[in-house]
2 protein chains.
Amino acid sequence: MFQRSPSLVEQVKSYLKRQILQGNFDNGRIPAEVELARNLNVSRNTVRDALSRLEIEGVIIRRQGAGTFINKAGLMVKSQLSEIVPYQALIEEYGCTPAIELISVEELPSPATAEKLHRHADEPFLLVKKRFLADNQPVIFSSTYLPTRIIRRAYTPDDLRRPVFEFIPEFCEQDFSYFLTELVPLIPPDWLVSALKLPPQKSALVSFEEIGYNQNNEPALMAISYFRNDLLRLRLIRQNSS
Amino acid sequence: MFQRSPSLVEQVKSYLKRQILQGNFDNGRIPAEVELARNLNVSRNTVRDALSRLEIEGVIIRRQGAGTFINKAGLMVKSQLSEIVPYQALIEEYGCTPAIELISVEELPSPATAEKLHRHADEPFLLVKKRFLADNQPVIFSSTYLPTRIIRRAYTPDDLRRPVFEFIPEFCEQDFSYFLTELVPLIPPDWLVSALKLPPQKSALVSFEEIGYNQNNEPALMAISYFRNDLLRLRLIRQNSS
DNA sequence: TAGTGGTCTAGACCACATA
DNA sequence: ATGTGGTCTAGACCACTAA
């Protein structure tokens, strides 16, 4: 039924999610774990791992002694903030057609960025500005600062259109590990109002200020992303952990 | 070494976190999983579950073939947005002394809230307003709407000062399951500026608009919380999930 | 090549919900 | 009393890192 890679757990998870989205389970009830394990020919632990991930995503609810059930409210949550998702895929989750525009690419020093990334103050950075559209409406604007020195291979503008956490492994001879993200609200400055085509009456935006770390836990890049909150609602599930 | 409840995994996790915070591991390296399992007299799976949770929290980094290491950068992340944490505990995480003020308690109808919670438009709600201080500075303001009808026991103002997800199991004969939260930036209105003693030059705030669900996955309450972002930075770790 | 984390299994027992 | 999810174990094998 399943192959070796990606992991069995991941395959079972996406299989179950597909079944859920297609409405293949009656009464919003998911079969018992032992039954799923038998049918899919995997161990119960594997099924449980897959279900645990779906529970964290908010897709299902488990009740000891009662069973496992689909969570319709949770299906509204499109973005797991704790996961790294390409903005393109995020826009698709909202049922929109995504598009990426490469606004500008410059090389310049940035002492403020240098300090955050533990680099020399006069070191040059590649500043890449991008805009993401959903159904032709601008919804995200991102600025990425990449130390020029870590780039080891030649790249084209098309390469820069890709998510930076994919660019790094391919062009910088290092792996990407995680983002440390700070959530910052702001009143958009004029340049952002026009870049995102915001309505004239000023309202607030959310931005992510992120530092990306490589496999050695060294800071490798800085990025700021601005979200048009009226079109792209950021939702999340909050649960009791213990 | 360990007891039966809470779960072994939880005990191992908090034990390891304590060791990490106390600096009991040299070179930022955590012993091998098999060694931890042997020393703590639990199975390797139990150790792995505990380590996985610490990894999600950003406290450690695991590298296949190399080992498990402390993540100093990740220790800056105080709030797991995907977890429900009492605001009081959150403020303590930032190293501040917390205080809770019960601002007001009213009973009133709220058609907008009623619609979100699938209740009759003219049904009364208990509106509880609270303010949270960190080192005597106001940092969070929260408004909670609770359908009056679900309250089954008499309560005192002191009971209302507690987190609402603790109030519900105790006074409403239902369990609390999770919050569905929407992240909304806003320019603070005047009443909020004075409630949080914000500086005169206007800046933006983040708010959480949350709907709380009970064990039957029915909406039970609505809450809005406003965070003073200059004092309480919201940080999170974003990782590759697969 | 030795040691580490990553994955998966089979099975045991417990706690809880439902009837 | 039955069936469900919750926890834990012991052990196998794989994939990767580093010396």
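So that the names make sense, note that chain A is the first sequence line, chain B the second, and so on, each numbered from 1. Here the structure is a predicted model, which means the values were calculated and not measured.
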Over the length of the helix from C:dT1-D:dA18 to C:dT18-D:dA1, how much do the five-pair end axes diverge, rounded to 10 degrees?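 Here the helix ends are tilted 10° relative to one another.
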
Closest nucleotide among [options] to the [X] side chain:
| X | options | value |
| --- | --- | --- |
| B:R44 | D:dG6, C:dG5, D:dG11 | C:dG5 |
| A:R62 | D:dG5, C:dG6, C:dA10 | D:dG5 |
| B:S43 | C:dG5, D:dA10, C:dG11 | D:dA10 |

Partners of A:E115 by side-chain contact (heavy atoms from CB on, under 4.5 Å), sequence neighbours excluded?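 For A:E115, no residue satisfies side-chain contact (heavy atoms from CB on, under 4.5 Å) once neighbours in sequence are set aside.
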
Kindly write out the residues that satisfy side-chain contact (heavy atoms from CB on, under 4.5 Å) with B:I56, not counting sequence neighbours, or none if the list is empty.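 Expected list: none.
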
d([atom1], [X]; [atom2], [N]) in whole Å:
| X | N | atom1 | atom2 | answer |
| --- | --- | --- | --- | --- |
| A:I56 | D:dG6 | CD1 | P | 12 Å |
| B:Q215 | D:dG5 | CD | P | 17 Å |
| B:E35 | C:dT4 | CD | P | 8 Å |
| A:I61 | D:dT4 | CD1 | P | 19 Å |
| B:L36 | D:dC8 | CG | P | 16 Å |
| B:N45 | C:dT7 | CG | P | 12 Å |
| B:E33 | D:dC8 | CD | C1' | 16 Å |
| A:D49 | D:dC8 | CG | P | 14 Å |

Which pairs of donor and acceptor atoms, one on a side chain in residues 84-95 of chain A, lie under 3.5 Å apart (sequence neighbours left out)?
from  : atom 1 : to     : atom 2 : distance (Å)
A:Y87 : OH     : A:S225 : OG     : 2.8
A:Y94 : OH     : A:R233 : O      : 2.2

Residues in salt bridge (charged side-chain N to carboxylate O under 4.0 Å, His left out) with [X], at least two apart?
| X | answer |
| --- | --- |
| A:R63 | none |
| A:K17 | A:E57 |
| B:E166 | B:R162 |
| B:E173 | B:R152 |

Looking at D:dT9, I'd like to know if its phosphate oxygens (OP1 or OP2) sit under 4.0 Å from a side-chain N or O belonging to B:T46.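 Checking D:dT9 against B:T46, a side-chain N or O does come within under 4.0 Å of OP1 or OP2.
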
Does a side-chain N or O of A:R48 approach OP1 or OP2 of D:dG5 to a distance below 4.0 Å, or not?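 For D:dG5, OP1/OP2 do not have a side-chain N/O of A:R48 under 4.0 Å.
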
Would you confirm whether B:R44, through its side chain, and B:E33, through its main-chain N or O, come within 3.5 Å as a donor-acceptor pair?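 No, because the side chain of B:R44 does not come within donor-acceptor range (under 3.5 Å) of the backbone of B:E33.
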
Under-3.5 Å N/O pairs linking protein and nucleotides 17-19 of chain C:
none

DNA chain C: A:V9 or B:A32, which has the more 5' nearest nucleotide?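 In this pair, the answer is B:A32.
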
Decide if the gap between the ring center of A:F208 and the ring center of A:F227 is smaller than 6.0 angstrom.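 Centroid distance A:F208-A:F227: below 6.0 Å, so yes.
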
